Number of protein chains: 4
Amino acid sequence: MPHFESDYNNGAHAAVLRHLIDTNDERTQSYGDDRFSCHARELIREAAAAPEADIYFLAGGTQTNATILDCMLQPFEGVLCCDTAHINVHESGAVEATGHKVIAIPCIEGKLMADDLRRWLQAYHADETAEHMVRPGAVYITFPTELGTLYSLYELQALRAVCDHYALRLYIDGARLAYGLAASPDVTLPTLAQLADAFYIGGTKCGALCGEAVVFPRGDAPSHMLSRIKRHGALLAKSRVVGVQFEALFTDALYFNIGTQAVRQAQRLRQILVSDKGYPTFIDSPTNQQFFIVPNADLDALHRTAGFENWCPVDDDHTAVRFVTSWATTDDEVDELAHAVRSIRAI
Amino acid sequence: MPHFESDYNNGAHAAVLRHLIDTNDERTQSYGDDRFSCHARELIREAAAAPEADIYFLAGGTQTNATILDCMLQPFEGVLCCDTAHINVHESGAVEATGHKVIAIPCIEGKLMADDLRRWLQAYHADETAEHMVRPGAVYITFPTELGTLYSLYELQALRAVCDHYALRLYIDGARLAYGLAASPDVTLPTLAQLADAFYIGGTKCGALCGEAVVFPRGDAPSHMLSRIKRHGALLAKSRVVGVQFEALFTDALYFNIGTQAVRQAQRLRQILVSDKGYPTFIDSPTNQQFFIVPNADLDALHRTAGFENWCPVDDDHTAVRFVTSWATTDDEVDELAHAVRSIRAI
Amino acid sequence: MPHFESDYNNGAHAAVLRHLIDTNDERTQSYGDDRFSCHARELIREAAAAPEADIYFLAGGTQTNATILDCMLQPFEGVLCCDTAHINVHESGAVEATGHKVIAIPCIEGKLMADDLRRWLQAYHADETAEHMVRPGAVYITFPTELGTLYSLYELQALRAVCDHYALRLYIDGARLAYGLAASPDVTLPTLAQLADAFYIGGTKCGALCGEAVVFPRGDAPSHMLSRIKRHGALLAKSRVVGVQFEALFTDALYFNIGTQAVRQAQRLRQILVSDKGYPTFIDSPTNQQFFIVPNADLDALHRTAGFENWCPVDDDHTAVRFVTSWATTDDEVDELAHAVRSIRAI
Amino acid sequence: MPHFESDYNNGAHAAVLRHLIDTNDERTQSYGDDRFSCHARELIREAAAAPEADIYFLAGGTQTNATILDCMLQPFEGVLCCDTAHINVHESGAVEATGHKVIAIPCIEGKLMADDLRRWLQAYHADETAEHMVRPGAVYITFPTELGTLYSLYELQALRAVCDHYALRLYIDGARLAYGLAASPDVTLPTLAQLADAFYIGGTKCGALCGEAVVFPRGDAPSHMLSRIKRHGALLAKSRVVGVQFEALFTDALYFNIGTQAVRQAQRLRQILVSDKGYPTFIDSPTNQQFFIVPNADLDALHRTAGFENWCPVDDDHTAVRFVTSWATTDDEVDELAHAVRSIRAI
């Protein structure tokens, strides 16, 4: 049965694994100073057109968000985001555990729009009691969003302009960055490096066994990052583990190819379920997460043919479901789904 | 040049790496429910003779200490430990970052002795102002210690008795557990499982790319551990990464063999530097960390022949140094050191 | 000019001040054990019909909320409340500073309704990813609310039933409790003691110089409260300062009389501005906070006649304003307002 | 029976109480903007010869230490202090609760000496693993110390020089400042304002009902102090309560007179117990805390004649005891003690 439950149910991309094997016997420095991490940083700086960038390798996404936001915020500051943002919903309060409020703004399809952000900030600054409120210090967005949607270049620029006006830092969670970049018509890694104060390049969901690369594109990371990261329990002694993997991911454009391939499979999947099968999309996502509205009558049969997640009820008779492709999704798996879906149709 | 700087300067043990390769293409559950993690838990329960144990896989040591101690302690409780304890000295305040005081007791050679602990606790409980002090909630020890030394079974039992008397939990940091177990005449993994309320089996320094296995041997982990761990940013989405490695480490006694081999190399190293070369030991360590007192006049030449760390000055003319072996240390490397050291002697 | 900006712009009620004077020279114990605090506890237990209650005296409201909620919650739990709740809006993130998420539910007129709470909890418990979300541990409400409104007995009982069903603790912020009790037709101090797991009786806004009394009506306060409170910096060495004041407030029903008098003045004020002057109410509040919609054209003149706060814009031509009475509001002040308002009318 | 247990077992100094009475009916601003607080700030700036000082009024000492240190430190920094420091021993971990390590240096008689501090810092900066350790950000001392002792001007200047050299901030806890200033031959309030980056002038133990005045003598308090203080639950809505009291304390040199009088009583007390009675001093304190070594055989009789605290056992036959005077200690009380002690002698 083909599996589309998540983009973290495989090991590592073959090229990443091979690089782990090839480098295994070399003795290296630790705590970020190994030569693989150093080279991976150079490769990322080049790919992001950010020659001054400060880059840190951490183990996972929630850890990265909580650690880096805590580093970017003053203790009395909070972080603004969508109500559906990962940090607001699905990180068990990791940001609040570092003492910062997550300030959620109601959003549509997972995207924080510049106008909504500006309106919130205008109201905040107009409020005479603002000093008694949590001061907004940063804006958190995801690219792509938790719902698979993407910001356009124009939308990102508009967010940046609001951040500049209100002296806010812009942080971009790129857990699925490969898939977002592959699907975007106008946003590139250098774009993000130009617009964000910090962002992370997701490894765990994009071909690595584990690991995320945090980028401060202008080289202005807070002081004493090693101490700060270790204080959050996020410093890997054997830092090469992530460094080696990112070296592979940023060699021969692997990271970008991974994204392109998964997005192509996602589009085939959409073709099968929407055009062929006639399920409406629940959210119009161009990336590797696809959301469909399935009649409850079909649900059991569909679950018998492929692994995917029920997302939420839509009405009494329909359920939104999520299918996720990844670097590991094969043509065969999607073909198998196509075949299986046809058999449901036959019922 | 042979390298003895640390036990985390290599990749993974060949068998661990092979298992990562062999399992790479299998699709699995996430967040700890993958079949590799489940099987690794079974293997550890068996090796520890703790069939009821709750077991969690985390990415690194500092993260594990801070997360698990925070789970074990009430918010107003602190943790007692040696003044040289890793959590007191070398974790950038990760425990304090979770709001708990690290209460350090002066110790000799890295070991917290039951009598010193009891004396501290007697004084605390006799103090009329105790309610204004941080309440001790747990005792932290390392096995082996940061200085390579080991607790005897008797010493551990004595600590356990004090903990029982004062209703304290006993937590054992096993970052280098393989090396400790290999060197101990009377402490085994089942012993630790009997005596500790929680401990962790170190992977990063003992053959894995990354990862530590936390064991609550009596199956009495605090409720909602998944949420607690995630809140600390310590939950791996792709949990199999650590699960697969521990499956390999606890197959065919690999974890124990790794320890035995490294300890054997450490003893050869000691033979070379103490018996052959005549450097006194700085600390009498039976494990994979070896500490010697080197005349400053020899120091430069020695650094040209092998990688090791200066530990601390001893007097104006001598420096304590640390050599560390690991699962990756080869006979050739130790031979090379032996040869090189003889050439220093010639000078 | 009469002042209606807030209920904390005076010193203390005459009887409270007198008791501070009368007791000033007596030597007492500290840290809560002084005889005034002990007697004040007895008086509160009696007034609340809660003979087993644990009672603690703290200095201020934000401190009390943050401290007590942190004591009631497990570290990984959050607190549910209205989006307009004081802890969510106006405490500078004090609750998040202790590591807990404030989970805000959209509400009307400051009241968290049992149905909305239940719906939220049903969705949470139905969510397969619930373990990745912040677990709700307590419900926070205010009596009266930040908008002057009151829960009926029925509404409180319905909230209690939801809390019971989902094993949540119910915490009531009574910063203005005297005014709420005076205005409620069916909620009494014993009612609150029966329904809440913990609540606080506000002193600062209800006749005291400073101080709040936290009540755990069933005597089941968490262990080691002295240590917990001190850890939050909330333990008063000279505890008598608050104890003496609460002794006065709960002698001869002073606390209740204070409420009654302020509510009577609030009703006169409402008569003047609504019935006489014709301003609509913005919120229909039965308590000491009154909200009116004032034409912007009148605003300057009105500000010249009395102290009050602009609350928020209503439309381009109208502004909502807040007038607050307190134990210190005199007949003369309200008369003066009535007279002044008539002169605006004349314009 | 005369009471010498503590300096917080009375109400307020008569002049402070009178000022509370006199100002009680005036309506004021809140949250620090009331005219009493503003005037009190001016009086303190004048007394400290620090015309640019930023001054904040908080309710109590532990709260003040935890709040202000957290404001002064970067999140990854800790605070250096004596092992006997109040923040290290008797604040239930309030500093650690804000995420900072308290780094204790062994000291004699409660005083942190510049040489010991320098030695610690030299070792820290020489340590190659320093980035893995908690970075020292501030030095905490008390004036007078917890043991009643005083730093000389020279000692304070030496500490300041070390702080300057290592870019550390110097924070002085002045819980008993009045008594320290009264007893010091060479340290004045302007001295402290010149040497400290921040200090607090204790009210609770020096004549006020409650309240401490935090002084940043160079006017360089961290930004957004109102939000920061409120986030710690330490912002008093009715700020006048402390403002009025400090206005009284700094009118007609009351604060200094309070200190002088208490120190005079302490010296009489010492005369009685040391010179007359023959008890050795346990610590040679020039301030309002006096420590004597009492034969255990006398202890019961002594406890029947006066209130005081057993401090610690000295040997099997002797106990160190503490007698504390305050602004409230009268000639009669000391006379009564003198008389009572004579009767013990008679036994």
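For clarity, every value in this text was computed on a predicted model and none was experimentally measured. Sequence lines set the chain letters: A, B, ... in the order given, protein chains first and strands last, and positions in each chain run from 1.
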Among the listed options B:Arg240, B:Glu26, B:Lys205, B:Glu91, the residue most often paired with chain A at heavy-atom distances under 4.5 Å: B:Arg240
Contacting region of B:Ala66 [heavy-atom separation from chain A under 4.5 Å]: neither
Test log, rule ring pair (Phe, Tyr, Trp, His ring centres under 6.0 Å), inputs A:Tyr171 and A:Phe199: CA-CA 5 Å; A:Tyr171 172 86; A:Phe199 64 98; 9.0 Å; no
Ion pair A:Arg268/A:Asp335, N-O distance below 4.0 Å: yes
Distance-only side-chain donor-acceptor flag, B:Arg35 / B:Gln29, under 3.5 Å: no
Contacting region of B:Phe36 [heavy-atom separation from chain A under 4.5 Å]: neither
Polar side chain donor-acceptor pair, A:Gln289 to A:Arg322, under 3.5 angstrom: yes
Student check: side-chain heavy atoms of B:Val95 and B:Asn88 closer than 4.5 Å: no
Between A:His232 and A:Gln63, a side-chain donor and acceptor under 3.5 Å: no
Test item: B:His303 and B:Asn310 side chains (from C-beta on) under 4.5 Å apart, heavy atoms: yes
Contacts with chain B made by residues 1-17 of chain A (heavy-atom distance under 4.5 Å), listed by residue number: A:His3, A:Tyr8, A:Asn9, A:Asn10, A:Gly11, A:Ala12, A:Leu17
Side chains of B:Phe143 and B:Asp173 in contact at under 4.5 Å (non-hydrogen atoms): no
Residues A:Asn288, A:Thr325; criterion side-chain hydrogen bond (donor to acceptor under 3.5 Å, both in side chains); working and verdict: CA-CA 5 Å; A:Asn288 73 316; A:Thr325 65; 4.7 Å; no
Top of A:Thr64, A:Thr62, A:Thr28 for chain B proximity - count of heavy-atom pairs under 4.5 angstrom: A:Thr28
Partner chain A: residue of B:Cys210, B:Gly99, B:Ala237, B:Gly61 with the largest heavy-atom pair count (under 4.5 Å): B:Ala237
Candidate pair B:Asp70 and B:His100, rule side-chain hydrogen bond (donor to acceptor under 3.5 Å, both in side chains), full reasoning: CA-CA 8 Å; B:Asp70 189 35; B:His100 301 285; 2.6 Å; yes
Chain B contact residues among residues 223-231 of chain A, heavy-atom distance under 4.5 Å: A:Ser227, A:Lys230, A:Arg231
Pairs of heavy atoms under 4.5 Å with chain A: top-ranked of B:Glu96, B:Glu333, B:Arg18: B:Glu333
Flag, side chain of B:Gln245 to backbone of B:Val241, donor-acceptor distance under 3.5 Å: yes
Flag side-chain contact, heavy atom, 4.5 Å: B:Ile201 against B:Glu212: no
Modelled atom types, side-chain donor and acceptor of B:Glu247 and B:Thr251, under 3.5 Å: no
Portion of B:Ala175 that has a non-hydrogen atom of chain A nearer than 4.5 angstrom: neither
